[in-house]
Amino acid sequence: MFRKKTKVLLSSLFVASIIFLIGFKTNLFPEDLLPTSALLPLGQTVVGMIIVHLGTLISLDEFKRQWKTFLIGVSAVIGISVLLFTIGRLFLDTNYVLSAIAAVSGGTISVIIVQEQALNAGLISVAVFPVLIAALQGLIGFPLTSVILRKEALRIREGVRDGSITRKAVLDPAETSEKQTILPEPFHTTAGTLFVVGVVVIVSSFLSGLTNGWLNTFVIALLLGIALRATGVLKPNVLNGIDAYGLMMLAILLIIFGPLATTSFADLVVELFVPLLIAFILGVLGIVLFAMLAGKFLGYSYPMAIAIGLTSLYGFPGTLILSQEAAKNIGETEDEVQIIEDEILPKMVVAGFSTVTITSVFITGILASFIY
């Protein structure tokens with residue numbers, strides 16, 4: 001509800017974080033609310049399954065068409081990592097830097113990966129740090145991207161009016177259709193789907209063990225999800241529509257709120273305010289610099305390149321909503337609106353997957369092992 005009322009400016013993660021924080025600090029919620037909840041162990045169990053699902057959201061055909069966008073998105077995440085790891089370490093403990101890289105560049109899954117490692121090391125404040133970043137980054141990413149996409153939309157509108165930009169041809173649906181899963185019918189049911197995805201997670205864990213943990217289980221699960229969709233073993237968006245998906249997502253979200261129960265307001269204000277400020281300043285600066293550099297070499301305008309990089313702060317569905325809003329606000333005719341949307345939307349959607357889903361999870365999976 002809050003998400004709709006604020007037009008996605010206040011993310012559901014932000015609102016939920018505030019509710020849990022107030023609840024824990026006013027004793028409205030007991031400190032052991034989440035540990036004693038049956039949903040918490042469920043969430044810890046199904047994280048890998050959700051990551052396999054994320055892999056099946058990725059179309060290799062679309063990435064081939066948008067390979068320049070993909071490279072700019074990767075460059076933005078690298079920019080976040082480079083600036084935080086070089087300059088950030090001058091001001092922050094290395095553990096904070098590693099968790100900041102995960103949170104600024106990614107979404108819930110990246111936060112969970114790094115948070116799990118921090119909790120195993122007994123670092124409560126380090127575990128809370130990425131939660132706060134993830135809760136607040138939409139407040140920075142949405143308005144920044146909105147302003148920048150308006151500039152790109154204005155550029156496209158001028159191109160439409162002078163004839164240098166025309167409407168793209170609509171692709172034949174047959175050319176873009178995905179292969180249906182090659183698995184037998186019994187594996188199309190809820191139980192069958194969960195079984196297959198669970199096996200993929202087990203295989204991912206086994207392969208991670210062969211590398212002595214150097215390749216994180218979640219990274220392998222993501223890559224297997226992408227590969228199995230491409231080969232037709234798993235259908236696109238594999239968990240969507242099954243009866244267990246909503247419960248699994250709820251359990252996943254609850255995992256990240258646990259450390260808030262044992263963190264005081266003083267810890268949040270005094271200990272984490274400066275690290276949060278540094279993380280956002282260096283993270284956004286890394287995005288802008290590296291995205292602009294990659295965009296220059298790949299022939300993208302600076303506004304479009306920066307907007308692609310900023311998707312690391314929120315991902316889907318913000319990429320969809322902000323693209324549509326830019327087109328509707330700047331286009332003055334139906335044709336202009338459609339052309340602007342056709343130019344921006346595919347890039348932004350691919351960008352969200354290249355930053356939040358692929359690159360961030362991959363980098364986080366590697367960096368998390370260095371938290372101690």
Side-chain angles (χ1 to χ4, degrees), residues 40-60 63 70 74 77 98-99 101-103 105-121 130 178-179 181-184 187-240 242 244-245 247-249 251-256 315 353-371:
L40 193 58
L42 173 63
Q44 294 165 340
T45 302
V46 301
V47 171
M49 302 179 76
I50 294 294
I51 292 179
V52 174
H53 169 77
L54 290 177
T56 66
L57 293 174
I58 298 167
S59 166
L60 292 182
F63 274 95
F70 176 76
V74 171
V77 176
L98 295 176
S99 62
I101 291 172
S105 66
T108 304
I109 297 301
S110 296
V111 170
I112 289 174
I113 293 173
V114 75
Q115 186 188 71
E116 180 182 18
Q117 189 69 24
L119 290 174
N120 290 339
E178 294 281 348
K179 292 184 292 183
T181 175
I182 60 176
L183 294 175
F187 294 105
H188 297 181
T189 63
T190 294
T193 299
L194 291 175
F195 172 78
V196 173
V197 175
V199 169
V200 176
V201 176
I202 292 172
V203 171
S204 301
S205 180
F206 172 74
L207 294 177
S208 177
L210 293 180
T211 68
N212 291 321
W214 187 84
L215 270 180
N216 188 281
T217 299
F218 296 148
V219 173
I220 298 173
L222 179 72
L223 296 176
L224 286 179
I226 297 172
L228 292 175
R229 165 179 167 157
T231 55
V233 176
L234 294 178
K235 64 182 180 180
N237 212 3
V238 64
L239 292 181
N240 194 40
I242 70 170
Y245 182 64
L247 181 62
M248 290 168 68
M249 285 306 301
I252 287 287
L253 288 174
L254 286 180
I255 292 177
I256 68 175
F353 284 123
S354 68
T355 55
V356 174
T357 304
I358 298 180
T359 314
S360 178
V361 171
F362 186 79
I363 289 179
T364 301
I366 295 174
L367 294 181
S369 61
F370 292 98
I371 294 178

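In summary, of the residues considered (Val111, Val114, Leu98), a side chain to side chain contact (heavy atoms under 4.5 Å, CB included) with Thr364 occurs for Val114 alone.
A search for side-chain hydrogen bond (donor to acceptor under 3.5 Å, both in side chains) contacts involving Ser99 returns nothing, not counting sequence neighbours. Residues passing the side-chain contact (heavy atoms from CB on, under 4.5 Å) test with Val200, sequence neighbours excluded: Val52, Ser204, Leu224, Leu228. Residues meeting the side-chain contact (heavy atoms from CB on, under 4.5 Å) test with Thr355, sequence neighbours left out: Val77, Thr311, Ser312. Checked against ring-ring contact (aromatic ring centres under 6.0 Å, His included), Phe63 has the following partners two or more places apart in sequence or in another chain: Phe70. Applying the side-chain contact (heavy atoms from CB on, under 4.5 Å) test to Leu223 and every residue at least two apart in sequence or in another chain returns Val219. Under the side-chain contact (heavy atoms from CB on, under 4.5 Å) criterion, Phe195 pairs with Phe187, Val199, sequence neighbours left out.
Rounding to the nearest 0.5 Å gives a distance of 10.5 Å between OG of Ser360 and CG of Leu222. With rounding to the nearest 0.5 angstrom, the CD1 atom of Ile112 is 11.0 Å from the CG atom of Leu119. Within the model, atoms CG of Leu239 and OG1 of Thr56 stand 6.5 Å from one another, a figure rounded to the nearest 0.5 Å. We find the CG-OG1 distance between Leu194 and Thr190 to be 6.5 Å, quoted to the nearest 0.5 Å. Rounding to the nearest 0.5 angstrom, the gap separating the CG atom in Leu210 from the CD1 atom in Ile220 is 8.0 Å.
Of all the heavy atoms in His53 and Val238, the pair that sits closest is ND1-N, 3.6 Å. Ala102 approaches Ser110 most closely through the heavy-atom pair O-CB, 3.5 Å. Taking all atoms of both residues into account, the shortest heavy-atom contact from Arg229 to Pro236 is NH1-CB, 3.5 Å.
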